Amino acid sequence: ITAATRDLAGSGFLYEPLGAKELKGKAERIETFRVTGRSSDIIERWDRQSLRLRSDFVGREAELACIGEALERVAERGEVTVDVVGPAGIGKSRFVHEALARFRAQTVVLRGGCQELEAEPYALWTDLVRRRCPDLDAVEAPGLRRLLGLVRTTPDDPEDARIEIQMDLLALLQTAGEEADQRALVLHLDDLHWVDDGSVRVGQAVLGAFQPPGGTLRLLVRRPEGALPTTWALTDITSVELQPWDRSEVERAIAQMCGAPMPPSFVDMTFARCAGNPFFLEELMSLLVDDGALRVVDGVWRLVGKVEDLE
C-alpha cells in the first residue's frame, strides 16, 4: 500500500516499510508499505460508533449472571467454557465488554479474534499473540516469530513448524496463567464462525494443555451458523444465547440515546423496524439524525414532525 492508504487505515494495523517503488502510471517513485497484521490499538466494534447516538448497556442481566456463575465454577473445576451465541448486530461484542468490565478485578484476559476472508493461517492465535505482545521486536520465541510473519523462510517441514508454533504458544499461555496467579485466566476467542482450519488444529493441541493456578474460563463467541470446533474437547459448557431486545428494552435504549423519553408511537415504529436488534436500532437512529428527523432541542434529541411522516 502507499503512504496515503496507510494514513487512512490509521493505527489499527501494523506496517512494514518496503521503500520507494516504481508504480505503473506514476511518474515518481512512491513510498510503499506492507500490512503485517492488526495492532493492539484496534477499537472494539461496539465502540466505533462513539460519536453517534449510542445507548448505555441495556438488559442482559440474566446473561451476565451466567458469566459470574461460570467464574465461580472455575475456582472449583479449573476449566469452564461459556459459549456466547447470537446473530450479527445483536450485541455480542458489547455484552462481552460489559461482562469483562464487571469481573475485571478477578480475571486476566487474553483475547484473540478470527477475521472474515483472513488470508493468513492460524489467524485466531496470531491475533492473540499480537495483542499479548504488541512490541514485535521483543518477541524471541521462534515459533511465535513464525506465527507473526517475522520469519520469511519457508519451513522444510510444515508439520514441524506447526508443532514449534504450538509449543511456543503454549509457553505464552502458561506465562499468562502464572502472571494471573489466583485470578481466573479468561481466554476470549471471538468470531469463531470464521475460524480457519489451522487455528482449529493449534487449538486442539494447546487448549487444556495448560493449567493456570486460578483456572481458565474459555469465553467463546460466535454466530449461530458457525459451530464450535468438535476437536477442542470442551467441557462444562454454558450456552448464552443473546436474544433481540423486547419493546421495553428498545424504549429504554431510545430514551438513553435521546436524553429523554420519546412518544410511544415513535418507539413502536423503531421497534418494528429494528426488530429488537441493537445495531439496527443505532443505525436507524443515526439515519434519522442525518435526515434531520431528530434534532437537539434544549439539550436533548427531539422528533421533528410526526411519526406518520417517517413511515
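We use all heavy atoms of the structure for the numbers below, so side chains are in, but hydrogens, waters and symmetry mates are not. Keep in mind it's a predicted model, so treat the numbers as computed, not measured.
Here Gln106 contributes atom CD and Gln182 contributes atom CD; the two are 13.0 Å apart, rounded to the nearest 0.5 Å. In this structure, the separation between CG on Asn277 and CD on Glu282 is 9.5 Å, given to the nearest 0.5 Å. Atom CG in Leu147 sits 10.5 Å away from atom CH2 in Trp125 (nearest 0.5 Å). A distance of 10.0 Å separates CG in Leu217 from CG in Asp236, rounded to the nearest 0.5 Å. Rounding to the nearest 0.5 angstrom, the gap separating the CG atom in Leu100 from the CZ atom in Phe95 is 9.0 Å. Between Ile163 atom CD1 and Asp157 atom CG the span is 8.0 Å, to the nearest 0.5 Å.
Ring orientation note: the planes of Phe33 and Tyr15 are nearly perpendicular, at an angle over 60° on the 30°/60° scale.
Looking at every heavy atom in both residues, Ala209 comes nearest to Ala205 through CB-O, 3.6 Å. When every heavy atom of Trp301 is checked against every heavy atom of Met262, the shortest pair comes out as O-SD, 3.9 Å. When all heavy atoms of Gly19 and Glu31 are compared, the closest pair comes out as C-OE1, 3.6 Å. Between Asp168 and Gly143, the shortest heavy-atom contact is OD2-N, 2.6 Å. In plain terms, the two heavy atoms of Leu169 and Val202 that are nearest each other are CD2-CG1, 3.6 Å. The two atoms that bring Val206 and Gln166 nearest to each other are CG1-O, 3.7 Å, heavy atoms only.
Legend: side-chain hydrogen bond (donor to acceptor under 3.5 Å, both in side chains) pairs involving residues 252-261, not counting sequence neighbours: none detected. Sorted by first and then second residue, the side-chain hydrogen bond (donor to acceptor under 3.5 Å, both in side chains) pairs with a member in residues 204-222 read Glu79-Gln211, Glu79-Arg218, Asp83-Arg222; sequence neighbours excluded.
Remark: Glu61 engages Arg102 in a salt bridge, criterion side-chain N to carboxylate O under 4.0 Å. Between Arg131 and Asp127, at least one side-chain nitrogen of the basic residue sits less than 4.0 Å from a carboxylate oxygen of the acidic one, meeting the salt-bridge criterion.
Connection of Leu185 to Val82 is not established within any shared hydrophobic cluster, with ILVMFWY side chains joined at heavy-atom distances below 4.5 Å, either directly or through further cluster members. Met167 and Leu144 end up in different hydrophobic clusters when Ile, Leu, Val, Met, Phe, Trp and Tyr side chains are linked at under 4.5 Å. Using a 4.5 Å cut-off between side-chain heavy atoms of Ile, Leu, Val, Met, Phe, Trp and Tyr, with links allowed through other members, Leu173 and Val195 fall into the same hydrophobic cluster. In the hydrophobic clustering of this structure, Val58 does not group with Ile90; members are Ile, Leu, Val, Met, Phe, Trp, Tyr whose side-chain heavy atoms approach within less than 4.5 Å, directly or through other members. At a threshold of 4.5 Å between side-chain heavy atoms, the hydrophobic network of Ile, Leu, Val, Met, Phe, Trp and Tyr places Phe103 and Val240 in one connected group.
Partner Tyr122 forms a side chain to side chain contact (heavy atoms under 4.5 Å, CB included) with one of Val200, Ile165, Asp197 and no other, that one being Ile165. For the salt bridge (charged side-chain N to carboxylate O under 4.0 Å, His left out) with Asp190, the qualifying choice from Arg111, Lys92, Arg223 is Arg111, the only one to do so.
In this structure, Arg29 places its CZ atom where more than 12 heavy-atom neighbours from other residues, nucleotides or ligands lie under 6.0 Å away. The number of heavy-atom neighbours closer than 6.0 Å to CG of Asp160, taken from other residues, nucleotides and ligands shown, is above 12. When the shell of 6.0 Å around CD of Glu159 is examined, it contains more than 12 heavy atoms from other residues, nucleotides or ligands. Other residues, nucleotides and ligands contribute over 12 non-hydrogen atoms within 6.0 Å of the CG atom of Asp135. Atom CZ of Arg247 has more than 12 neighbouring heavy atoms from other residues, nucleotides or ligands inside a 6.0 Å radius.
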Assess whether side-chain contact (heavy atoms from CB on, under 4.5 Å) is satisfied between Leu220 and Leu234, documenting all intermediate values.
CA-CA 11 Å; Leu220 313 182; Leu234 303 171; 3.5 Å; yes

After noting the C-alpha distance and the side-chain angles of Leu303 and Leu288, does the key distance pass the side-chain contact (heavy atoms from CB on, under 4.5 Å) rule?
CA-CA 9 Å; Leu303 178 65; Leu288 293 174; over 6 Å; no

With side-chain contact (heavy atoms from CB on, under 4.5 Å) as the criterion, how do Leu207 and Leu187 come out once you've worked through the C-alpha distance, each side chain's angles and the decisive distance to 0.1 Å?
CA-CA 10 Å; Leu207 290 175; Leu187 202 56; 3.4 Å; yes

Does the pair His193 and Asp191 meet the rule for a side-chain contact (heavy atoms from CB on, under 4.5 Å), with working shown?
CA-CA 5 Å; His193 47 277; Asp191 289 328; 3.3 Å; yes

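The closest side-chain heavy-atom distance from Gln174 to Leu170 is below 4.5 Å. Looking only at side-chain heavy atoms (C-beta outward), Leu148 and Thr126 come within less than 4.5 Å of each other. Put simply, the side chain of Trp232 does not reach to within 4.5 Å of the side chain of Thr81, judged on heavy atoms. You'll find the side chain of Arg60 stays beyond 4.5 Å of the side chain of Glu98, heavy atoms only.
For Glu140, there are no salt bridge (Lys or Arg N to Asp or Glu O under 4.0 Å) partners, not counting sequence neighbours.
Under the 3.5 Å distance criterion, the side-chain polar atoms of Arg183 are left unmatched by any main-chain donor or acceptor of Val108. When atom types are taken as modelled, the side chain of Ser199 and the backbone of Leu124 share a donor-acceptor pair closer than 3.5 angstrom. Judged by distance alone, with hydrogens and angles left aside, the side-chain atoms of Arg302 form no donor-acceptor pair with the main-chain N or O of Cys258 at under 3.5 Å. The closest donor-acceptor contact from the side chain of Glu249 to the backbone of Asp246 lies under 3.5 Å.
Checked by atom type, the side-chain pair Arg73/Thr238 shows a donor-acceptor distance below 3.5 Å.
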